[in-house]
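The structure appears below as C-alpha cells.
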Amino acid sequence: MKDRNDEFKKLEEEMVEKGSAVNPVERPDDFSTEMIEEALERTMEKPEPEDEPHFVSPEEEEVYRKKKKRIILIVVLVTLLLALGVGAYLVLRMLGPSTEKADLNKVFAVSEDEVALIVDGTISEEKGRVIDGQTYLPADIVGAYVDNRVYVDDVEKILSYTTEEGTTDYGVGEEKDGEKPLLEADGALYVSFSFAVKNASCEYSEYSNPNRIAIFYDRTKSYTVITLDGDTDVRTGPGKKYPYLVEAKAGEELFVDTNVKSENDYQPVVTKDGIAGYIPMDSIRNTDSRTLTFNHEPTSFTQKALDGNVCMGWHNIGSENYSSLPLNIDYAKPLNVLAPTWLVLKDNKGKLSSITDAQYVKAAHAKGLQIWPTVRDFPGDKLKLKTLLGQTTTRRKLIENILKEANKYAFDGINVDFERVKAEAASAYLQFLRELTVEAHAQNLIISSDNYPIREYNAYYNAAEQGRIVDYCIFMAYDEHFAGSEEAGSVSSLLYVQDAIAKAIGRMPKERVVIGLPFFTRLWLEKKTANGVEITSEVLGMGDAENWIWNKGTGKSWDKEVGQNYTELKVGKKKTYRMWVEDEKSIKNKLSEAKKNGIAGVAFWSMGSERSITWDTITKVLG
C-alpha cells in the first residue's frame, strides 16, 4: 500500500509542476485500493484541447514567435520564387528562342529505304533508293551530276559507259565484276552509286540520320560563303521562335541560299550537308565569294590535233553537188581546213543525206587542205534528237553512216554542227559525241563541234564536257544580232568576240578552243509604221557591203566601242538604213584577240563572202 501511496503522491506533484488544473486530492486517512486506482485512471485521461490550458514561459513564447516569423518568411519567399519562376518561364516562352528541334526526316521527306539528294546546295525532288542493301540513284541524276560519262538509254534500257578505249554496255540487272550497275524499280531506272563514283567528277559526301548524299558538281559556280562568329542554331524560319534544325559551330562555313530572300535580320543558308534554314545576321563573322575546290578531275580523251593552229573555212554549198573549191582559195594562204556542208541528218533512224563530191576532196588535198565535212541537224523539221541520239541502236547507226561516208571519201575529220539540241536531248548529244570521237579516232579522224557562245540559256550544251571529248570546240562568235532580233546591231562586235573567247577558255583547255568569225554583215532597215518601228535585214558579204556604201555615198565612221565601222542612210522621214561593217580592220582586231589568248585557231563563216584582200590581213596577223 505504501508503494501505491508514494506513486500517487509523485504523480500529483508532477501534475502541479506542469501547471495542471487538477487540484491535489484530499485523501482520507484510510482509503481503499479501488479509490486509489480510480484516482490514477482520472489522471491518465487526456483532456480535450479546448479544455486544456497551456502555460509557457516568456522565453518559450519568444522562440515560438521567431519560429513563426521564419516560417511565414519562408512561405512568402517560396511563394515569391515560384511566382518568379513561373513568370520567368512564361517570359522565356514568350521572348526566348525556341528549343524545339525539327525532325530532319520530315524536312528531307525520306523513308527508311530512300536517300535524299542535295545537288549544289539544293534538295532534289528526286530521291535515291536502298535496294538489296546498296544505294542506287536515279539515272538522270548520275549522268548529269555525278559522272557525265554514265549514259542511260531509257527506251532500250541500256547503261553505256564510254572511255577513249571504247564503250561498255550494261543491261538492267546485268552483273559484271560483282555488281549490278543498272536496276529498275517502280518503272524507273537507277544506277549503283558505288559504280557511279568510281570515276566521279563531282565532290560528294554521304550522311545518315536521315540518309542523304550531298553532291557538288559545278566547277564554274561562285558560292557566297559565310563564316560563323559563334555557335548558332540553324532554324526552319527567319526568327528565333522557329524550331532549330541543327547547331552550327563557331568558325563553320555555310553557303548563302541565293534562292531565298533574307528577312527579319535572318540570313537563309545551306549547310554543307544540305540542311537549309536561317541564321541571325549578327552571328556572321565574314562573307566572301569563291568557287569550290574539287579533288576529282574528270578525265579527257587524248586530243588529236593539227601540227599548227586551225584556220578553217566553212563552205556553205547548199543542197546541190558542187565540185569547185571556194572563191579566193588561192589567196587563202593561212587556210588549212575546209568544212563543206555536205551531210545532213535525214530521219530519226540514223540515215544521212549526203552531197559529198570526191573531186572536191581530191582538189582540196592537192592544195594541202584537210577536209572536215559538216554534218548538220537542220533544216530537218521532223527530226527528234532525243529519239535519234537517245536510243542506242539509232545513235550507233548514225555514227556508222557518218564513218562510212568518211572512209569512202577519205575525210580528214568531221565537223558536227547540231544547232537544234534541246535540254531534253543534251545528255544524248554528249554520248553521241563520245561514241563518234572514239570510233573516229580509230580511223585517225579529227572531230570538231560547233557551239553558240556560252550563255546561261544554252548551258545544257555542256561546253566543259565537250572540251573533254572532241578535239576542237568551235564557238560561233557571230549572229550577235540576227534576222529575228528586236533591234538593229552588230553581227559580231569586238566585245562579243572577247566574251566568247573568255568563257570558252574558262571551260576547257585553250588548245581545244577555236573561235568562229563572220565574213558577212547585215544591212538593217528600220521603218516607222502606225504600230511602231518595223525592223528587217539582209545578209551582205564583205564585198557587197563595201559596194553598197560606195554606191550610196554614205561613208563610214569607226565605232570604237563596237570595234567596227558604222554607216547609216536616212530615206525620208520613215526609213533608216544601218550597217555595222565587217571589214579588214574589224577582222584584224578579232584575230588579234584570238592570238593574244593563245587559242587553237579560228574559223570563218563562210568562204566566198570575203574579199581577196581580206586574206592579206589574215595572213599578216596569223603569220
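Only heavy atoms go into these numbers, but all of them, side chains included; no hydrogens, no water, no symmetry mates. These numbers come from a predicted model, not from an experiment. By convention here, the first residue in the shown sequence is residue 1.
- Side chain of Thr271 to backbone of Ala248: no donor-acceptor contact under 3.5 angstrom is found.
- Salt-bridge check for Asp113 with Lys127: failed, with every basic side-chain N at 4.0 Å or more from each acidic carboxylate O.
- Of the inter-residue distances, the one linking Lys596 atom NZ with Ile501 atom CD1 reads 8.5 Å to the nearest 0.5 angstrom.
- A salt bridge does not link Arg285 to Glu252: none of the charged side-chain nitrogens sits closer than 4.0 Å to a carboxylate oxygen.
- Between Glu400 and Arg396 there is no salt bridge, since none of the side-chain N atoms of the basic residue sits less than 4.0 Å from a carboxylate O of the acidic one.
- Ion pairing between a basic and an acidic side chain is recognised when a charged N comes within 4.0 Å of a carboxylate O; Glu297 and Arg219 show such pairing.
- A ring-centre distance under 6.0 Å is found for Phe195 and Tyr170.
- The aromatic ring centres of His315 and Tyr360 sit less than 6.0 Å apart.
- Lys176 has a carboxylate O that lies under 4.0 Å from a charged side-chain N of Glu174, or vice versa, which qualifies the two as a salt bridge.
- Rounding to the nearest 0.5 Å places CG of Asp412 at 12.5 Å from CD of Gln443.
- Note that Arg129 lies in the cation-pi zone of Tyr190, set by a 6.0 Å cut-off to the ring centre and a 45° limit from the axis.
- How far OH of Tyr223 is from CG of Leu292: 5.0 Å, rounded to the nearest 0.5 Å.
- Ring centers of Tyr457 and Tyr452: at least 6.0 Å apart, outside the cut-off.
- Counting only distance, with no hydrogens or angles, the side chain of Asn336 and the backbone of Leu369 share no donor-acceptor pair below 3.5 Å.
- With respect to Glu184 and Lys157, a salt bridge is recorded, a charged nitrogen being found less than 4.0 Å from a carboxylate O.
- Counting only residues at least two apart or on different chains, the salt bridge (Lys or Arg N to Asp or Glu O under 4.0 Å) pairs with a member in residues 458-482 are Arg149-Glu465, Arg434-Glu465, Glu465-Arg468.
- Remark: the backbone N or O of Leu254 is not paired with any side-chain donor or acceptor of Lys272 at under 3.5 angstrom.
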> Taking it one step at a time, do Glu165 and Thr163 satisfy side-chain hydrogen bond (donor to acceptor under 3.5 Å, both in side chains)?
Replying inline: CA-CA 5 Å; Glu165 284 76 32; Thr163 67; 3.0 Å; yes
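- Ring pair Trp314/Tyr478 is perpendicular by interplanar angle, where above 60° counts as perpendicular and below 30° as parallel.
- Salt bridge annotation for Asp347-Lys397: absent, with no cationic side-chain nitrogen under 4.0 angstrom from a carboxylate oxygen.
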>> Determine whether Ser160 and Gln431 satisfy the following criterion, side-chain hydrogen bond (donor to acceptor under 3.5 Å, both in side chains), listing intermediate values before the conclusion.
In response: CA-CA 9 Å; Ser160 298; Gln431 184 61 19; 4.8 Å; no
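- When side chains are defined from C-beta on, Asp120 does not count as touching Ile215, because their heavy atoms never get closer than 4.5 Å.
- One finds a salt bridge joining Lys249 and Glu247 here, because a Lys/Arg side-chain nitrogen approaches an Asp/Glu carboxylate oxygen to under 4.0 Å.
- Residues in residues 299-315 take part in no salt bridge (Lys or Arg N to Asp or Glu O under 4.0 Å) pair, two or more places apart or across chains.
- Here the side chain of Arg376 pairs no donor or acceptor atom with the backbone of Asp417 at under 3.5 angstrom.
- Counting only distance, with no hydrogens or angles, the side chain of Gln466 and the backbone of Tyr461 share a donor-acceptor pair below 3.5 Å.
- Ring centers of Tyr204 and Phe193: under 6.0 Å apart, within the cut-off.
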